[in-house]
Amino acid sequence: MNNGLSRFNLVSLVAGFAFLYLPILLLVVYSFNESRLVTVWSGFSTKWYVELFSNQGLIDAAWVTFRVALISASVATVLGTMAAITLTRHLRFRGRVLFTGMVFAPLVMPEVITGLSLLLLFVAVGLDRGFLTVTLAHITFSMCFVAVVVQSRLLTLDRSLEEAAMDLGATPVRTFFQVTLPVILPAVISGWMLAFTLSLDDLVIASFTSGPGATTLPMKIYSQVRLGVTPEINAVCTILIAVVTTGVIAASLLNKQREIQRARDEQAARQEGG
Amino acid sequence: MKSLGSIRKSFAPWNDPAATPYIRFENVTKKFGDFVAVNDLSLDIYEREFFALLGASGCGKTTLLRMLAGFEEPSAGQIFLDGQNLSGIPPYRRPVNMMFQSYALFPHMTVEANIGFGLKQDRMPRDQIAARVAEMLKLVKLEQFAKRKPHQLSGGQRQRVALARSLAKRPKVLLLDEPLGALDKKLREETQFELTDLQQELGLTFLVVTHDQEEAMTMADRIAILDKGKVMQVATPAETYEAPVSRFVAEFVGSVNLFDGSVSAREGSVASIAYGDGLTIAADNAGDAAVGDQVAFAIRPEKVRVASRKPEAGADNVMSGEVWDIAYLGDMTIYHVKLDDGRVIKSAMLNSSRLVDDPLTWDDRAWITFAPDAGVVLTR
Ligand SMILES: Nc1ncnc2c1ncn2[C@@H]1O[C@H](COP(=O)(O)OP(=O)(O)O)[C@@H](O)[C@H]1O
Ligand SMILES: [Mg+2]
């Protein structure tokens with residue numbers, strides 16, 4: 001009785017999930033709506049998806065978004081990993097506390113402020129707003145997320161692994177590439193994925209720092225929605241949801257499988273004894 | 001192995017004034033902030049020696065190894081290896097290898113790759129690496145596990161991989177930090193002998209850290225007993241046990257009975273030690289203890305005899321009391337005898353026959369005796 005779901009728990013569970021997923025479900029359903037009117041169901045159709053692929057504006061925006069996300073996530077991963085290593089490894093390095101604070105500040109900084117300050121910077125140095133500036137802006141704000149993810153892994157990493165590598169003759173650089181990086185790679189990859197998704201769905205910072213010819217998908221969607229929600233937009237969003245969900249599920253399945261395999265191996269090793 | 005055994009018998013370079021030490025710690029101090037982990041320590045270790053650092057947890061053993069390996073720089077003092085001053089040389093350029101307490105096996109590499117890692121860093125040709133790795137796998141009897149990852153191995157197997165990895169480069173000195181600490185008792189005993197065999201076979205210098213005195217005694221040629229970052233005694237296992245230089249060493253290594261007193265008379269090498277109320281002990285080999293010195297007489301339980309009958313008159317060092325406690329261990333029995341003056345003395349008697357005619361039991365009247373040369377006089 002105690003372990004079963006009470007009526008109250010059941011209701012709150014359903015309500016919670018409904019609150020989370022009903023809007024998304026509606027969006028997906030209406031993307032297959034025959035009618036142009038978003039709120040009136042008139043039959044199943046995939047015509048909005050077909051139309052979508054002939055909408056050059058949306059396709060261009062998607063392509064820009066994808067490239068920005070790819071480049072900014074990759075650069076942010078390199079920089080964020082480097083920052084994380086400096087923060088965890090060089091304990092005696094002066095001004096570490098200040099540096100830590102400065103790297104993590106953008107995590108809590110309102111996006112509007114980040115966007116605005118970057119805009120001011122780009123104007124001040126005379127950089128024309130466009131593809132480059134959005135990418136730079138995304139690197140700046142996603143780098144600290146990568147740093148947080150990688151740092152938490154580094155803190156639990158057995159330092160003697162790196163010492164063992166050096167003891168066996170590996171220089172610090174080779175130690176990093178042959179031991180540290182492979183061991184923390186899962187964290188680096190999650191950092192990259194986080195940076196990639198952050199860049200993919202960023203609207204605020206992109207609005208500040210992007211310019212003509214570099215409209216990202218969220219910007220495009222937002223501007224179109226202001227003219228009224230169309231089933232086309234629903235279709236784009238459904239595709240986005242599908243991509244992200246597939247990614248998340250695949251990643252967690254892979255992880256799960258690795259864990260199970262590992263547990264099995266350890267069990268086997270124990271049973272063999274010796 | 002037999003011939004090595006006989007070479008071993010005469011292996012004592014530390015007694016040879018012409019021998020030069022291979023590893024030399026010279027007034028080494030290591031501070032972490034205000035905390036002194038190693039305190040003005042000097043130590044000489046000779047080539048091909050199996051040397052053990054023995055001490056309680058936290059006494060600075062690992063720190064000493066880490067300074068030799070190059071992970072920590074001494075705050076003061078110098079370390080020499082084969083005549084070369086090691087200061088400022090990074091770990092990856094030192095001809096020593098270390099087996100880590102946690103083994104520190106690379107989790108993403110196979111056993112083979114772990115063992116070959118150091119050779120790869122030296123850019124040894126591939127075929128030579130493969131040959132050396134195979135040799136090492138054979139040495140530690142892990143041939144069929146070459147392709148496994150560390151998490152697919154048992155604790156004992158991991159320990160052997162770590163050993164093989166640290167031996168693969170044929171270092172001048174192998175540092176072992178509590179190499180058997182994570183193994184269960186039976187495996188530990190087997191591995192102790194494997195390690196000594198290996199060390200003699202390869203002719204390397206081993207510096208092993210342990211907090212287990214039995215382990216140190218079994219394996220090492222010499223033992224340094226450390227306390228709070230200082231060396232208390234450096235000696236062979238037999239010397240540390242039979243001739244400890246201080247109360248600390250006597251109590252740290254094995255079990256001991258201590259009598260605190262002062263020297264009341266001296267006759268040649270024999271001193272009379274007054275303790276308690278007008279009681280004396282005759283102690284041979286009293287060294288430089290002079291009349292009036294505060295000393296402690298230390299005697300090991302197995303050198304104290306216990307009997308149910310009063311010894312004949314004229315015997316040395318007779319004390320009487322009653323049996324307080326008996327611990328039967330199979331091979332021997334430990335008697336705790338409460339003397340008439342209240343102190344409790346431990347005596348270990350070998351059970352050399354299965355049946356004892358005259359068994360002592362609890363509360364029996366008992367006499368203990370020991371020879372004057374069975375114990376040592378400690379002035380520190
Ligand atoms: N990097 C360090 N920073 C501060 N204190 C340390 C450090 N390494 C060791 N110590 C201290 O030095 C003392 C000796 O440590 P260690 O050499 O590891 O002891 P042992 O190996 O004999 O158990 C311990 O009290 C430990 O807390
Ligand atoms: Mg230690």
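A, B, ... follow the sequence lines: proteins, then strands. Residue 1 opens every chain.
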task = Taking the side chain as every heavy atom from C-beta outward, state whether A/Leu168 and B/Arg165 have any pair of such atoms under 4.5 Å apart.
result = yes
ask   = How many angstroms lie between atom CD of A/Gln261 and atom NZ of B/Lys149, to the nearest 0.5 angstrom?
value = 10.5 Å
query = How many angstroms lie between atom OG of B/Ser102 and atom CZ of A/Arg159, to the nearest 0.5 angstrom?
reply = 12.5 Å
request  = Let me know if B/Phe106 has heavy atoms under 4.5 Å from chain A in its side chain, its backbone, both or neither.
outcome  = both
remark   = So, the part of B/Lys120 with a heavy atom under 4.5 Å from chain A: the answer is both
inquiry  = Is B/Met99 in contact with chain A via its backbone, its side chain, both, or neither, using a 4.5 Å heavy-atom distance?
reply    = neither
remark   = Contact list (residues 187-200 of chain A to chain B, heavy-atom gap under 4.5 Å, by number) returns none
ask   = Quick check: are there more than 12 heavy atoms from other residues, nucleotides or ligands sitting under 6.0 Å from CZ of B/Phe32?
value = yes
query = Checking A/Arg174 against chain B: side chain, backbone, both or neither under 4.5 Å from a heavy atom?
reply = side chain
task = Over all heavy atoms of both residues, which pair between B/Phe71 and A/Glu163 is shortest? Give the atoms and the distance, please.
result = CZ-O, 3.3 Å
ask   = Looking at residues at least two apart in the chain, or sitting in another chain, which of them share a ring pair (Phe, Tyr, Trp, His ring centres under 6.0 Å) with B/Phe51?
value = none
ask   = Got a sec: does the CD of A/Gln257 have more than 12 other heavy atoms crowding it under 6.0 Å?
value = no
query = Do the side chains of A/Leu161 and B/Pro107 get nearer than 4.5 Å, heavy atoms only?
reply = yes
ask   = In terms of heavy-atom proximity below 4.5 Å to chain B, should A/Asp167 be classed as side chain, backbone, both, or neither?
value = both
message = With a sphere of 6.0 Å drawn around CD of B/Gln128, does it hold more than 12 non-hydrogen atoms of other residues, nucleotides or ligands?
response = yes
task = Starting at NE2 of B/His108, measure out to CD1 of A/Ile184 and round the result to the nearest 0.5 Å.
result = 11.0 Å
note = chain B shares the most heavy-atom pairs under 4.5 Å, among A/Asp158, A/Leu185, A/Thr175, A/Thr171, with A/Thr171
query = Is any side-chain heavy atom of A/Ser160 closer than 4.5 Å to a side-chain heavy atom of B/Tyr103?
reply = no
B/Leu105 portion near chain A, given a 4.5 angstrom heavy-atom threshold = backbone
ask   = So which of B/Ala168, B/Ala162, B/Gly118 has the largest heavy-atom pair count under 4.5 angstrom toward chain A?
value = B/Gly118
inquiry  = Rounded at 0.5 Å granularity, tell me how far OH in B/Tyr92 sits from CE in A/Met166.
reply    = 7.5 Å
ask   = Does some side-chain heavy atom of A/Gln178 sit less than 4.5 Å from a side-chain heavy atom of B/Phe117?
value = yes
